[in-house]
Amino acid sequence: MKYGLALALVMLSVPTFVTDAFAVDAHTAPVKADLAKAQQIVTQICAACHGADGNSTSPAYPKLAGQSAGYIATQLSYFKSGVRKNPIMAGFAASLSPDDMKNLGAYFESQAPKPQASKDKALAEQGERLYRGGNADKGAPACTACHGPNGAGIPVLYPRLAGQHADYALAQLKAYSSGERSGGNAAPMVAIAAKLSEVEMKALAEYIAGLR
């Protein structure tokens with residue numbers, strides 16, 4: 001299936017309020033990012049947790065290298081507005097302008113992600129079955145529909161998952177499941193995560209960590 005057709009099919013299944021949130025970006029002429037300015041912000045603010053190149057070495061903080069520029073900019077706007085709750089990120093995002101957010105998104109997207117391997121082979125294999133086939137008994141769809149077979153995601157709407165820290169991925173799945181992370185474009189994941197057991201979440205997180 002061609003990428004364009006796949007995207008069209010996915011968009012048909014996305015709630016209207018999610019697609020409406022990105023309507024302005026979709027029809028606005030792209031503005032050239034200022035990567036030099038972004039690098040200054042990264043050095044001063046982001047590098048301590050996410051690494052200078054977006055390859056966080058701490059499993060508590062997400063890897064941002066190779067992530068979609070639009071997705072990063074959108075999440076930063078969520079942190080700033082309070083749609084996504086995180087006291088630390090809210091503080092950092094408070095001083096960022098919309099252009100800063102776009103610049104940071106473009107900067108991290110341009111960085112090369114460093115792959116890693118899953119640590120638990122059996123758990124990763126269980127995660128792969130869920131990622132690729134879902135769980136029909138629970139009504140949980142395959143992750144490939146939105147995040148792609150290789151975890152590349154669909155820019156703006158769905159994030160890149162490949163190589164993400166297992167601990168961070170698990171924490172986010174739990175946050176979706178509990179409703180702690182529910183604002184903005186989180187609704188589809190809230191519904192899906194609520195159908196997963198903690199063991200299934202751990203398996204998915206383990207598989208995602210080694211995906212490339």
Side-chain angles (χ1 to χ4, degrees), residues 3 22 25 30-81 84-120 124 127 131 143-144 146-173 175 181 184-186 189 204-212:
Y3 178 85
F22 300 99
D25 287 345
V31 177
K32 186 175 180 180
D34 188 337
L35 297 185
K37 185 175 181 180
Q39 189 169 25
Q40 291 178 351
I41 297 174
V42 170
T43 300
Q44 295 169 359
I45 300 175
C46 313
C49 296
H50 300 287
D53 62 352
N55 284 288
S56 165
T57 58
S58 171
Y61 306 116
K63 291 186 175 183
L64 300 180
Q67 186 60 269
S68 158
Y71 183 79
I72 289 176
T74 297
Q75 297 307 305
L76 286 171
S77 73
Y78 286 167
F79 285 127
K80 182 171 183 175
S81 67
R84 185 171 172 184
K85 309 296 183 183
N86 185 298
I88 296 175
M89 281 305 304
F92 289 141
S95 63
L96 299 177
S97 68
D99 283 345
D100 289 335
M101 296 177 189
K102 292 177 182 178
N103 291 337
L104 286 169
Y107 174 84
F108 283 119
E109 183 180 66
S110 71
Q111 303 302 302
K114 295 179 180 178
Q116 60 182 348
S118 299
K119 297 178 181 178
D120 187 323
Y131 188 92
C143 306
T144 53
C146 296
H147 298 285
N150 297 319
I154 296 176
V156 182
L157 283 176
Y158 304 114
R160 171 189 172 86
L161 298 180
Q164 189 56 265
H165 292 302
D167 287 357
Y168 179 79
L170 176 59
Q172 296 310 301
L173 284 170
R181 182 174 175 183
N185 63 345
M189 277 306 305
L204 281 171
E206 188 67 21
Y207 175 65
I208 286 168
L211 193 57
R212 62 182 71 183

Without swapping roles, check the side chain of [X] against the backbone of [Y] for a donor-acceptor pair under 3.5 Å.
X: Asp167; Y: Ser58; result: no
X: Arg212; Y: Gln116; result: yes
X: Gln67; Y: Arg160; result: yes
X: Gln111; Y: Gly54; result: no

Working to the nearest 0.5 angstrom, can you tell me the gap between [X] [atom1] and [Y] [atom2]?
X: Gln75; Y: Asn86; atom1: CD; atom2: CG; answer: 11.0 Å
X: His50; Y: Leu104; atom1: NE2; atom2: CG; answer: 10.0 Å
X: Ser56; Y: Gln164; atom1: OG; atom2: CD; answer: 8.0 Å
X: Met189; Y: Tyr158; atom1: CE; atom2: OH; answer: 10.5 Å
X: Asn103; Y: Leu76; atom1: CG; atom2: CG; answer: 11.0 Å
X: Cys143; Y: Tyr207; atom1: SG; atom2: OH; answer: 9.5 Å

Any idea which heavy atoms bring [X] and [Y] closest together, and the distance?
X: Ala205; Y: Ala169; result: CB-CB, 3.9 Å
X: Ala186; Y: Arg181; result: CB-O, 4.0 Å
X: Asn150; Y: Ala162; result: O-CB, 3.4 Å
X: Ala69; Y: Ala106; result: CB-N, 3.6 Å
X: Met101; Y: Ala73; result: O-CB, 3.7 Å
X: Ala209; Y: Ser118; result: C-OG, 4.4 Å

According to salt bridge (charged side-chain N to carboxylate O under 4.0 Å, His left out), does anything in residues 43-72 pair up with another residue at least two apart or in another chain? List the pairs. Asp53-Lys114
Residue pairs, two or more places apart or on separate chains, that pass salt bridge (charged side-chain N to carboxylate O under 4.0 Å, His left out) and touch residues 37-51: Lys37-Asp100
For Lys85, all residues meeting salt bridge (charged side-chain N to carboxylate O under 4.0 Å, His left out), sequence neighbours excluded: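 Expected list: none.
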Run the side chain to side chain contact (heavy atoms under 4.5 Å, CB included) test on Arg84 and Met89 for me, step by step, so that the C-alpha distance in whole Å, both residues' side-chain angles and the decisive distance to 0.1 Å come before the verdict. CA-CA 9 Å; Arg84 185 171 172 184; Met89 281 305 304; over 6 Å; no
If you apply the rule side chain to side chain contact (heavy atoms under 4.5 Å, CB included), what do you find for Tyr131 with Leu161, and how did you get there? CA-CA 11 Å; Tyr131 188 92; Leu161 298 180; 4.3 Å; yes
Checking side chain to side chain contact (heavy atoms under 4.5 Å, CB included) against Cys46, which of Tyr107, Phe108, Tyr61 comes through?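 The single option meeting the side chain to side chain contact (heavy atoms under 4.5 Å, CB included) with Cys46 is Phe108.
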Non-hydrogen side-chain atoms of His165 and Pro62 separated by less than 4.5 Å: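 Answer no - side chains too far apart.
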